[in-house]
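Reviewing the structure listed below.
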Amino acid sequence: MNWLKNIFKKSPDWITEEERLKVIEQSSKQVSRGVFFATIIIITSFLPVFMLTGQEGKLFHPLAYTKTFIMIMDAFLVITLAPVLISFFMKGKFRPDHANPVNRVLERIYEPIIKGVLKWRKTTIAINIIALIITIPLLKSLGSEFMPPLDEQSILFMPVTLPDVSNAEAKRILQVQDKIIKSVPEVDKVLGKAGRASTATDNSPISMIETIIMLKPKAKWREGKTKKDIINELDAKLQIPGVVNGWTQPIINRINMLATGIRTDVGVKVYGQNLDTIASVSERVRKELEGTPGIADLYVEPVTGGKYLSIDVRRQDLARYGLNVDDVNQTVETALGGAPIGNTIEGRQRFSISVRLAQDYRNSVEHIRRIPIMSAAMGEVPLSSVADVQFEDGPPMITSDNAMLRGAVLFNVRGRDLGGTVSEAISKMSQAKGILPQGYYLEWSGQYENLIRGQQTLMWIAPVVLVIIFFSLYFAFHSIREAFLSLITVPFALIGGAYMIYFWGVNLSVAVAVGFIALFGIAVETGIVMVIYLNDAMQQLVKEKGNSVATLTREDLRRAVIYGAAKRLRPKLMTVCVSLFGLVPVLWATGVGTDVMKPIVLPMIGGVLTSSTHILLVTPLIFLMTKEYELRKHGKLEIHEVHH
């Protein structure tokens, strides 16, 4: 029974409870200040996201609010709840770091590397600077767009035909198109409409067709088919004379139309005073843009070509038949538009009853000319006896912005980035001559308008982020040198982010910029942890050997830096791994929304990898060089307290 007693026998404490709590208190004081300020830096570095406006603001403000509130609570718990939980759960006999086999392996790998870095100083710094310089042309070679295109799992087909198309012809085209679209195996449902919906906010003419195409789940698609392939296949099958195809998605189309009045990705607005001149200018713009790589679905929004039924009364003939203009107007109104003769009530709904000529008696100019008018003197006389009835050309729709008449040349961007496509188009327009007469001007709109606004906002947001981070670091360390040492990790975090989005084939966008803003805070957090432990190693060295040039040597400083960097390797790697473990799964995520999530996450993953490498290797080197400079110039080390 002795062996059973030995199992349940409580071994004596290796330290007293009072000593254990004192160790926890000292450790918490050492780390909590840095971790608290690192959390505050992550919060403040993300605050400029609130400065985004428009679509990008509406999209990223919820993310910014969520992250800010979580990090505020995290900063509070770091200095309040965390020490209490540590005192509850960290009991018993603990093993030192070197007793952990994983830690031993990591230290065995890391120590020779850090020693080599401290030996080959110029080479290490040169490699880092070269890697940083390479990212400049790398970033410049990347395309740009406003936001990554979100896959809505559906397609909106928006063909435009001639403005004077008849109802019957529009109906026939719609039915033919729907039948062709449904023949593609990946298409599940097709719903098309021509003209306006029964709402006051839809001003679509009969020549504009909108067809929503619902796709089957991707598991049922033909092998190797992508959404781009399906659109190309549909576009090839739907080449109908007199019809210009347009491809987009339902949600983004509505957003574009509400925000900019342009229903495609990009539109060139033509402003002027005369519709005929605007039409000719728009046609010249279209010809200049033709053949530009990336431009698809190019067409001119029609401002002329509409047909109007004109009935001009001949007053001398009216007098001959004893009629007046009112008689003709009332007859035409009743025959073509309909005259109300009563109401019908169905439950709580009331409908007016109107009467007009049947379709067969008003579907041509000849029939309209034969509409009878009652004359007191002559009896029935045809409308053609007192009026000229004919079709006249006119604008199908008059559009104005800022009290000026407007036309538009519309196009989508496919197979290329939006920013590069529009930049080349603008360059071609600038070189062209004789496009704009005096008093007329162009304006680039659509998603490009949002792109320019987002770029202008981010241009001054980026410096604000860096200034906020620097001052937060200064308040954490009370030293400009230590703040700069932690801040220098930011440009090296940019290296990994730039390489990651380059090799992943992602264009620069507001989403990528938000990812970089979030990355800067994470990179600085890891840097703070490293600086805390390096300062702690210097404090231990000063306690052991004193703080003067007589007692300290360069070799002492080197050994202390290696100790501070290598012996506390696990908490630094844990800080990096926590970020990576939370971000990497997004790369394999599928479904709606991942198109926007990945451009945010990619720079963060790449940046965390390169910034952590920089922090583990270059930060100790720069720290050692600054301490050697202090010892050489001032004869002693400047020791910065890292605890309360």
Side-chain angles (χ1 to χ4, degrees), residues 54-55 146 156 158-165 195-197 199-210 244-246 248 252-290 292 295-308 392-413 418 421-423 425-430 432-453 456:
Q55 295 179 38
F146 171 57
L156 180 62
M158 293 188 68
V160 176
T161 184
L162 299 175
D164 58 350
V165 66
R196 55 173 289 179
T199 170
T201 59
D202 189 355
N203 60 354
S204 303
I206 195 69
S207 60
M208 184 191 295
I209 298 171
E210 295 181 0
V244 180
N245 294 343
T248 180
I252 191 63
N253 172 257
R254 296 294 176 239
I255 291 173
N256 287 340
M257 291 183 72
L258 289 171
T260 63
I262 299 297
R263 57 179 174 269
T264 53
D265 293 339
V266 185
V268 186
K269 294 181 177 178
V270 182
Y271 290 92
Q273 301 295 333
N274 183 275
L275 287 175
D276 291 329
T277 308
I278 289 175
S280 63
V281 170
S282 300
E283 192 59 34
R284 289 199 291 269
V285 171
R286 184 190 66 79
K287 288 180 180 178
E288 286 294 332
L289 295 179
E290 274 184 341
T292 304
I295 289 182
D297 311 330
L298 177 65
Y299 71 98
V300 176
E301 191 175 61
V303 293
T304 59
K307 298 297 183 183
Y308 289 84
E392 291 183 354
D393 291 331
M397 182 187 300
I398 298 176
T399 308
S400 65
D401 284 356
N402 300 321
M404 290 191 70
L405 294 175
R406 171 182 72 75
V409 182
L410 309 177
F411 62 88
N412 290 313
V413 177
L418 186 141
T421 302
V422 178
S423 296
I426 291 175
S427 177
K428 290 178 71 173
M429 292 299 302
S430 300
K433 296 180 179 179
I435 297 268
L436 291 172
Q438 188 174 0
Y440 290 74
Y441 66 94
L442 305 179
E443 182 181 278
W444 294 82
S445 188
Q447 288 290 315
Y448 184 72
E449 185 179 332
N450 298 326
L451 172 64
I452 296 300
R453 186 187 66 245
Q456 290 174 345

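In this chain, residues are counted from 1 in sequence order.
Counting only heavy atoms from C-beta outward, the side chains of Met429 and Leu289 approach each other to under 4.5 Å. At least one side-chain heavy atom of Arg406 sits under 4.5 Å from a side-chain heavy atom of Glu301. Using a 4.5 Å heavy-atom cutoff, the side chains of Phe411 and Asp265 are not in contact. Phe146 is listed as a side-chain neighbour of Arg453, based on a closest heavy-atom distance under 4.5 Å. You'll find the side chain of Ile252 reaches within 4.5 Å of the side chain of Gln447, heavy atoms only. A heavy-atom distance below 4.5 Å is found between the side chains of Leu442 and Val270. Considering only heavy atoms from C-beta on, Glu443 stays 4.5 Å or farther from Val268 through its side chain. Considering only heavy atoms from C-beta on, Ile435 stays 4.5 Å or farther from Tyr440 through its side chain.
Here the side chain of Asn256 pairs no donor or acceptor atom with the backbone of Arg263 at under 3.5 angstrom. A donor-acceptor contact shorter than 3.5 Å links the side chain of Ser430 to the backbone of Ile426. Between the side chain of Asn253 and the backbone N or O of Thr248 there is no donor-acceptor pair closer than 3.5 Å. Using a distance-only test at 3.5 Å, with no hydrogens or angles considered, a donor-acceptor pair links the side chain of Lys428 to the main chain of Glu288.
Judged as a salt bridge (charged side-chain N to carboxylate O under 4.0 Å, His left out), and not counting sequence neighbours, Asp276 has no contacts. The side-chain hydrogen bond (donor to acceptor under 3.5 Å, both in side chains) search around Lys287 returns none, not counting sequence neighbours. Checked against side-chain hydrogen bond (donor to acceptor under 3.5 Å, both in side chains), Asp297 has the following partners two or more places apart in sequence or in another chain: Asn412, Arg414.
Atoms CD1 and CG, on Ile206 and Asp164 in that order, are 12.5 Å from each other to the nearest 0.5 Å. Between atom OH of residue Tyr448 and atom OG1 of residue Thr421 there is a gap of 11.0 Å, rounded to the nearest 0.5 Å.
Pairing each heavy atom of Ala425 with each of Thr292, the nearest pair is N-CG2, 4.5 Å. Contact detail for Thr277 and Pro437: the closest heavy-atom pair is CG2-CG, 3.9 Å. The two residues Pro396 and Pro302 make their nearest non-hydrogen contact at CG-O, 3.6 Å. Taking both residues in full, the closest heavy atoms of Val300 and Ser282 are given as CG1-CB, 3.5 Å, listed atom of the first, atom of the second, then distance. Closest approach of Gly272 and Ile278 over heavy atoms only: N-CD1, 3.8 Å.
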For this session: Go through Met158 and Ile209 one step at a time and tell me if the side-chain contact (heavy atoms from CB on, under 4.5 Å) criterion holds.
Result: CA-CA 6 Å; Met158 293 188 68; Ile209 298 171; over 6 Å; no
Problem set entry | Trace of the side-chain contact (heavy atoms from CB on, under 4.5 Å) decision for Lys269 with Ile262 | CA-CA 9 Å; Lys269 294 181 177 178; Ile262 299 297; 4.0 Å; yes
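Under the 30°/60° scheme for interplanar angles, the aromatic rings of Tyr271 and Tyr441 are found to lie parallel.
When the options Ile398, Asn274, Thr399, Val303 are evaluated for a side-chain contact (heavy atoms from CB on, under 4.5 Å) with Leu405, the one that passes is Ile398.
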